[in-house]
Structure formats: C-alpha cells, structure tokens
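Heavy atoms only: backbone and side chains are in, while hydrogens, waters and symmetry mates are out.
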Amino acid sequence: MPHPQHSIPSGTSAPAGLSTGLTILFAIACGLCVANIYFAQPLIGPIAATLQLHAGLAGLIMTLTQLGYGAGLLMLVPLADVVENRRLITFLMVGAVIGLVGIALSNSAATFLAASFLVGTCAVAAQVLVPLASHLVPEATRGKVVGNIMAGLLAGIMLARPFSSLIAAAFGWRAVFAISAVLMATLAVVLWRALPQRRPHASTGYARTMASLPGIVWRTPLLRRRAFYQGMMFAGFQAFWTAVPLALAHEFGLGQGGIALFALAGAAGALAAPWAGRLADRGLTRPATGMAIVVALLSFGLGAAAVHFRSLAGLVAAGILLDGAVQVCNVLSLRSLYILAPELRGRLNGLFLTFIFMCAAVASGLAAAIYAFHGWGGLCLLGGAFGVVALLFYATEFRRNSLLPAT
C-alpha cells in the first residue's frame, strides 16, 4: 500500500512528477496490456484448427477481442473519473489474467471467444494508466511523459505479433497466453504497490458519468477534431498491418519468421513518441500534426513503390514512417485533450479511443477485401485516401476562429 502522502486528489498534479523508474513501469504496463489484443492475429490458423472453428468464422478470433476492447473503452474507461484509479487498474489487470488463463485452457471455440472478449475488455487498463500519468506530472512536461509512455504502448502493439509467432513456433499457441497471464499477474502486484492513489470527485456517480458523454462530445470541438485526425491515421495503420503479412508472403515469399522480423523492424516507429511529446510541450502541436498526416500519406506512396520494385527495405521504411506518424499524432492529440479538464480525462480518453477503434475496425474489414480484389496497390490507395481526408480536414484549422489551439 502506498504511503498516504502518495495519494492525490482529482484535478491536481504531483509537483515532483514521475520518476524515471515509474515512467518506465507505466510504459511497460501499457505495452503489455495492449499486446494482449494482438497476440492472436498471426495465430488465427493454428487456433482455428485446434478449436475446430470453421474457416469462415476464424475472423471471430480477432473480432471478439476487438469488440471487448471497444466495450471497455466506452463502458469502463470513464470509470477513471469515478473510481479510485489504482484499484480500477488492478481490477482490470486481474480480469485480463482470468481471460488469458481461460484462453490458454480453452478446448472449444465458445470458451475461447468468451475469454477473448474478456481479455479485450480488460486490456483498457492501458487507457486508465495514461490519463493517470498525466495527473501526476506538471503541465510543462506532460507531453514528454505521455509521449514516453505511449512509446511503450505502441511497442506493445508492434512487438505482440513477432512475440506470439516466435513463442507459438517453439511451444505452441497456448504458451503465448499462458506466459502473458503470468506477466500480467506479476505486473498487477507491482502496480498495486507502486502506483499512487488518485480519488476522483466522490459526488460523481457512474450513471451520471455515462449520461454526460454525449454532452462532452457536443461541447468539445477539440475532442471531435483530434479524434477524427487519429481515427483516419489509425485506420490507415490498421489497413497496412492487416494486409502487409499477405503482401510479404505473396510478393516476397517470406514465411512466418520473416513476417515476424518485419513486424519487429516496424516497431522502431515507437521511437517517435517522446519526440512528439517534446514538440507539444514547445507549443508546436499544429505544425507537427500537419507533418504527421503528410508523412503518413507519403508512407503509402513509398509502400506502393516498394512492392512494385520488389524492395523489402523500402517497405520496411514505409512501415516505420507510418507507425511513427501515427504515434506522433496520437501523442499530440492526448496532450491536447489532457490539458482541457483534469476531471474529465477518463471520459475524454474513452470517447477519443472509442471513435478511433471504430475507424480501425472498419479499416480492418476493408483492408482484407481490398487486398483480395485489388492487391497491394489498391490497399495503398485505401490508406492514402484516409490520409487525404485527414489532410483536408486539417486545412480547416487555418480558418478564422479555428477550433484547434496552436498549443
């Protein structure tokens, strides 16, 4: 139990900020939480075969996890404005452990899918950790700290696929989820002991909190704008990473090991997160946002050219640029939202990510169909279209009375 002096009330910042060790712990926790959503993606084939799940229904292996994540974003993340945060985070991580154990022991598709939904729902612990970290640091360094933590989150997304591929090849797919369950259980204990308490306003109940969500969306144009930017960016990201394993196999003849190494190289884009946070702290949110959108758009052009000329190095570069651009925009968005109203950070975070999740879910479905019928070139046009739409909306910032502040 933390010493009472480590408790902070809602809407205040700890003057000393976060230590380097605690920042690293936040980053590791966020990365592992979100990694649980993606472990199954490269293992759909062997999982479906083991559970005798019809090929036409194999997509449910990922869909149920994503649906659970979406439900958690909308229904559980706003609890960060109601429930003591350390307790909420620990509760969610214990739920994830139960779900991961359920997956590892599943002998039927029904139990696997139910456990996957639970894991996805509880993976939103990451989205409670990030706003909690923002409460613990002064505004002057908030972007830097959020950027460092988001680097860990993106690294978890990018490293989940190669990790699960390599572990499954050596020990079978069940071992992936068993190992993650042990790591999550250990992390839950460490976080319970290391995190300070944060108690939101006691007068705000869950029903009132949920009822306030539509009004927050209506009254917060910055939320709508930043969610749209990130929704388009993450849609492109999801489309790329849904189809690129197919392109690597069909166009470059890579096996599972090569695809895992490609995903590992793509994780280098996470290095852009701390840099993005520093830009935000210096008041450069607006130009950095435009730059990120342009880089994402250009990355699809590079990706198309790389496959056309059979350049694997070019495709790796496209993946790194896209990942970095998406991460920069995400950090800038979160930093902008977190300075609005400390007492609303949980709800702002949940609403922001729910819209992004919806865009990504649609993009995942479109990507598979576009690649099947129009190949990699069609996929790059889809990703580029998301970038163009974001860029056109970004242009409206330069009208008089722009909705997005420059800082």
Inset, instruction - Might you work through the side-chain contact (heavy atoms from CB on, under 4.5 Å) test for M75 and M210, ending with a clear yes or no? - result: CA-CA 8 Å; M75 304 301 294; M210 296 304 296; 3.8 Å; yes
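- The CG atom of L322 sits 5.0 Å away from atom CZ of F300, with the distance rounded to the nearest 0.5 Å.
- Heavy atoms from other residues, nucleotides or ligands lying under 6.0 Å from CE of M291 number more than 12.
- Checked against a 6.0 Å centroid threshold, the rings of F234 and W241 do not count as neighbours.
- Taking 4.5 Å as the limit, some side-chain heavy atom of F393 sits within range of a side-chain heavy atom of R225.
- Without hydrogens or angle criteria, R199 side chain to E84 main chain gives no donor-acceptor distance under 3.5 Å.
- Proximity of L298 to L321: side-chain heavy atoms (C-beta onward) are nowhere separated by under 4.5 Å.
- When atom types are taken as modelled, the side chain of S165 and the backbone of P162 share no donor-acceptor pair closer than 3.5 angstrom.
- By the side chain to side chain contact (heavy atoms under 4.5 Å, CB included) test, A318 pairs with L302, sequence neighbours left out.
- Applying the side chain to side chain contact (heavy atoms under 4.5 Å, CB included) rule to L105 yields the partners V101; only residues at least two apart in sequence or on another chain are considered.
- In this structure, the side-chain hydrogen bond (donor to acceptor under 3.5 Å, both in side chains) partners of N85, at least two apart in sequence or on a different chain, are R198.
- With no hydrogens or angles considered, a side-chain donor-acceptor pair links R347 and S212 at under 3.5 Å.
- The side-chain hydrogen bond (donor to acceptor under 3.5 Å, both in side chains) check on S333 picks up R226, with sequence neighbours excluded.
- For P245, the side chain to side chain contact (heavy atoms under 4.5 Å, CB included) partners at least two apart in sequence or on another chain are I259.
- Residues V217 and R224 meet the side-chain proximity criterion, which asks for heavy atoms closer than 4.5 Å.
- Qualifying side-chain hydrogen bond (donor to acceptor under 3.5 Å, both in side chains) partners for Y38, counting only residues two or more places apart in sequence or in other chains: none.
- Both tests pass for R286 against the ring of F398: distance under 6.0 Å to the centre and angle within 45° of the axis.
- Residues that satisfy the ring-ring contact (aromatic ring centres under 6.0 Å, His included) test with F91, not counting sequence neighbours, are absent from this structure.
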Inset, instruction - Please lay out, stage by stage, how V82 and L88 fare under the test side-chain contact (heavy atoms from CB on, under 4.5 Å). - result: CA-CA 10 Å; V82 180; L88 176 60; over 6 Å; no
Inset, instruction - For L353 and V77, run side-chain contact (heavy atoms from CB on, under 4.5 Å): C-alpha distance rounded to whole Å, both residues' side-chain angles, the deciding distance at 0.1 Å, then the answer. - result: CA-CA 10 Å; L353 289 162; V77 171; 5.9 Å; no
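- Counting heavy atoms from C-beta outward, L312 and L248 have side chains that approach closer than 4.5 Å.
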Compile the donor-acceptor pairs under 3.5 Å between side chains in residues 379-386 and protein atoms, sequence neighbours left out, one pair per line.
none

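- In this structure, CG on L213 lies 6.5 Å from CG on L74, to the nearest 0.5 angstrom.
- With S164 contributing its side chain and R161 its backbone, the two residues share a donor-acceptor pair below 3.5 Å.
- Under the side chain to side chain contact (heavy atoms under 4.5 Å, CB included) test applied with I89, the options V94, V83, V128, V124 reduce to a single match, V128.
- In terms of heavy-atom proximity, A390 sits nearest to M232 at CB-CB, 3.8 Å.
- Contact of the L279 side chain with the T285 side chain is not registered, since no non-hydrogen atoms from C-beta on lie closer than 4.5 Å.
- Scanning all heavy atoms of the two residues, the minimum distance from R174 to S106 falls at NH1-O, 2.6 Å.
- No side-chain heavy atom of V326 sits less than 4.5 Å from a side-chain heavy atom of F240.
- Of all non-hydrogen atoms in A35 and A160, the two that sit nearest each other are O-CB, 3.6 Å.
- Taking every heavy atom of both residues into account, C33 and A123 meet most closely at O-CB, 3.5 Å.
- Distance check: I47 CD1 to L113 CG gives 10.0 Å after rounding to the nearest 0.5 Å.
- From C30, atom SG reaches atom CD1 of I149 across 6.0 Å, with rounding to the nearest 0.5 Å.
- Taking 4.5 Å as the limit, every side-chain heavy atom of Q127 sits out of range of all side-chain heavy atoms of F352.
- T209 and P78 get closest at one heavy-atom pair: CG2-O, 3.8 Å.
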Legend entry - side-chain contact (heavy atoms from CB on, under 4.5 Å) evaluation trace for T90 with M93: CA-CA 5 Å; T90 305; M93 299 195 103; 5.8 Å; no
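- The distance from atom CG of L222 to atom CD1 of I339, rounded to the nearest 0.5 Å, is 7.5 Å.
- Scored by the side-chain hydrogen bond (donor to acceptor under 3.5 Å, both in side chains) test, Q238 finds S364 as partners (sequence neighbours excluded).
- Formation of a donor-acceptor pair under 3.5 Å by the Q52 side chain with backbone atoms of S108 is not found in this model.
- A search for side chain to side chain contact (heavy atoms under 4.5 Å, CB included) contacts involving A115 returns I103, not counting sequence neighbours.
- M233 CE to C359 SG: the interatomic distance, rounded to the nearest 0.5 Å, is 12.5 Å.
- Residue pairs that meet the ring pair (Phe, Tyr, Trp, His ring centres under 6.0 Å) test with at least one member in residues 140-179, sequence neighbours left out, are F39-F163, F112-W173.
- Without hydrogens or angle criteria, W376 side chain to G303 main chain gives a donor-acceptor distance under 3.5 Å.
- Taking 4.5 Å as the limit, every side-chain heavy atom of L315 sits out of range of all side-chain heavy atoms of E251.
- The minimum heavy-atom distance between L191 and A29, with the atom names listed, is CD1-CB, 4.0 Å.
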When the side chains of residues 180-190 are checked against the rest of the protein, which donor-acceptor pairs come out under 3.5 Å, sequence neighbours left out?
residue: S180; atom: OG; partner: N36; partner atom: OD1; Å: 2.5
residue: T186; atom: OG1; partner: V182; partner atom: O; Å: 2.9

